[in-house]
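Notes follow the structure.
These numbers come from the heavy atoms of this one structure, side chains and all, not from hydrogens, waters or symmetry mates.
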Amino acid sequence: MNKSLKILVSSARLPTNGIGSWTTRISKLTANTTFFDYILSPSSYNEKYLNSKKRRFIIWRKEVRGLNLKFWVAKDYIQKIKFLSKRANKITVVVMDDPHLLEAITLTKNSYKCPIEIVFSFHGFELNLKKEILHKVDKILFLSQLGYEFSKEKYPQKFPKAKVVGNGVDSNTFFPLDEKEFAKQREEKGYVGNDEILIWVANDRPKKGIHVFHKIIEEVLKNHRDLKVIIVGSNSIYNHPRVNNIGRVSNEEVATYFKISNYYMFTTFYNEGFGLSMVEALKCGNAVIASNRGAIPEVLNGLDRVYLVEKINDIENWIEAFNLARKDTNFGKIRPNKTMTSKILDYNDWERKFIKAINES
């Protein structure tokens, strides 16, 4: 019998090659280490991956919610954890950013065959859990100190142990090109030497601010004839000869566009838990213009080529920050090298911090 088991629980399919988010770094962690004994997700990638699917709620009535969660929504996960609990003296279950699966596992915490430690890896800014669920969680991993402090204020009484683990980006995937390769890759994608490239990467959810970005580029394209725009991840098409609408691509493909760009604009209206794409863009050499929301000021604190916008509904504020970024970087010509950007929130630093936070009592 194993002395203890570490189990990763994810409603998202692992491993993944999707765009950004926590699934990318967790896929890397599970590929590079043997830290987790089992991964429960909608995948049968190898023998460690126990295929588990989160089902939709049949009914939302409060009086049957718990039963619905345990015996339908999280049925696969509960069954597999119960099976594994027969083979261990202790289990540590790390739930990746899914409050429904977290709730189901806490509701069944006393039904397993061995003691179970529940760790919630939270990727938002403001924690929003029922108190009875929160009190059964043993540890919460936050992406930022601001998010942790903001959440703890909501629950002034009993609060679980907490660790701030931050986030990390693979410096071997996201890095600035040297001048020769920079010019070459831009030319391959149809850009010439004098082009300044502004990039936006997100999805179509209103909180990501694509509607604001459209208004911004409507103005800046009028005033800067050498400016080109790349939009990645959005299905909303902006029709203009100098706008390239890319749509959804893999995380590695996102890196290829970040590497040829000069400026990244993050127009989120949301209190971001972290804002991973900002760091990816910075590590590829871009100046970053971003909303001053959630954990963003903490994540970007002390970093160069960063411009925060307070009044995010005011298009002029975005344009002023963009023009300042252009001026400070000599219109995109001043770029950092790989040695400089590799030190910015590197994936390997995050991995060590994440593993240590789970292991610490």
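The closest side-chain heavy-atom distance from F175 to C284 is not below 4.5 Å. Looking at heavy atoms from C-beta onward, V288 lies out of side-chain contact with L303 at the 4.5 angstrom threshold. Within the 4.5 Å cutoff, the side chain of L127 has heavy atoms near those of the F120 side chain. Residues V9 and M96 are not in side-chain contact: their nearest non-hydrogen atoms beyond the backbone lie 4.5 Å or more apart.
Checking I296, I289, L282, V299 one by one against V306, the side chain to side chain contact (heavy atoms under 4.5 Å, CB included) holds for a single residue, L282. Checking each of R335, K333, R186 against E179 for a salt bridge (charged side-chain N to carboxylate O under 4.0 Å, His left out) leaves exactly one that passes, namely R335. Just one residue in the list K53, K82, R55, K54 forms a salt bridge (charged side-chain N to carboxylate O under 4.0 Å, His left out) with D76, and that residue is R55.
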Test side chain to side chain donor-acceptor pair (under 3.5 Å) on N262 and E196; report intermediate values, then the result. CA-CA 6 Å; N262 304 102; E196 293 178 68; over 6 Å; no
After noting the C-alpha distance and the side-chain angles of H100 and F57, does the key distance pass the ring pair (Phe, Tyr, Trp, His ring centres under 6.0 Å) rule? CA-CA 10 Å; H100 292 149; F57 279 87; 5.1 Å; yes
Please assess Y347 against N172 for the test side chain to side chain donor-acceptor pair (under 3.5 Å), listing each intermediate value before the final yes or no. CA-CA 9 Å; Y347 164 83; N172 293 318; over 6 Å; no
When you look at E117 and T92, which way does the side chain to side chain donor-acceptor pair (under 3.5 Å) test go after all the steps? CA-CA 5 Å; E117 178 189 29; T92 298; 3.0 Å; yes
Show the numbers, then the answer: is there a ring pair (Phe, Tyr, Trp, His ring centres under 6.0 Å) between H224 and F331? CA-CA 11 Å; H224 308 297; F331 308 103; 8.4 Å; no
If you apply the rule side chain to side chain donor-acceptor pair (under 3.5 Å), what do you find for S121 with W22, and how did you get there? CA-CA 10 Å; S121 183; W22 62 263; over 6 Å; no
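Contact check on K343 versus D346 returns no salt bridge, with no Lys/Arg side-chain nitrogen under 4.0 Å from an Asp/Glu carboxylate oxygen.
Y148 does not carry K163 over the face of its six-membered ring by the limits of under 6.0 Å from the centre and within 45° of the normal. Under the 6.0 Å distance and 45° angle rule, K207 counts as a cation-pi partner of Y270.
Sparse packing is recorded around OH of Y45, with 12 or fewer heavy atoms of other residues, nucleotides or ligands lying under 6.0 Å away. Sparse packing is recorded around CD of E187, with 12 or fewer heavy atoms of other residues, nucleotides or ligands lying under 6.0 Å away. Atom NZ of K161 is surrounded by 12 or fewer heavy atoms from other residues, nucleotides or ligands within 6.0 Å. More than 12 non-hydrogen atoms from other residues, nucleotides or ligands lie less than 6.0 angstrom from CD of E360. Summarising the local packing, NZ of K184 is surrounded by 12 or fewer heavy atoms from other residues, nucleotides or ligands at distances under 6.0 Å.
M278 approaches A290 most closely through the heavy-atom pair SD-CB, 3.8 Å. The two residues T106 and V137 make their nearest non-hydrogen contact at CG2-CG2, 4.1 Å. Contact between A104 and I78 at its shortest, heavy atoms only, is O-CD1, 3.8 Å.
Relative orientation of the F258 and Y264 rings is perpendicular, given thresholds of 30° and 60° on the angle between their planes. Note on ring orientation: taking the six-membered ring where Trp is involved, the planes of F122 and F142 are perpendicular (angle over 60°, cut-offs 30° and 60°).
Of the possible donor and acceptor atoms, none in the side chain of S11 sits under 3.5 Å from a partner among the backbone N and O of S41. Side-chain atoms of Y49 do not come within 3.5 Å of backbone N or O of L40 as any donor-acceptor pair. Not one N or O on the side chain of T33 forms a donor-acceptor pair closer than 3.5 Å with the backbone of T30. Remark: side-chain polar atoms of R242 are paired, donor with acceptor, to backbone N or O of L221 under 3.5 angstrom.
Both V249 and F174 are part of a single hydrophobic cluster, where members link through side-chain heavy atoms under 4.5 Å apart. Under the 4.5 Å side-chain heavy-atom criterion for grouping Ile, Leu, Val, Met, Phe, Trp and Tyr, F266 is not connected to I312 through any hydrophobic cluster.
Residue D138 holds its CG atom at 6.0 Å from CD1 of I118, rounded to the nearest 0.5 Å.
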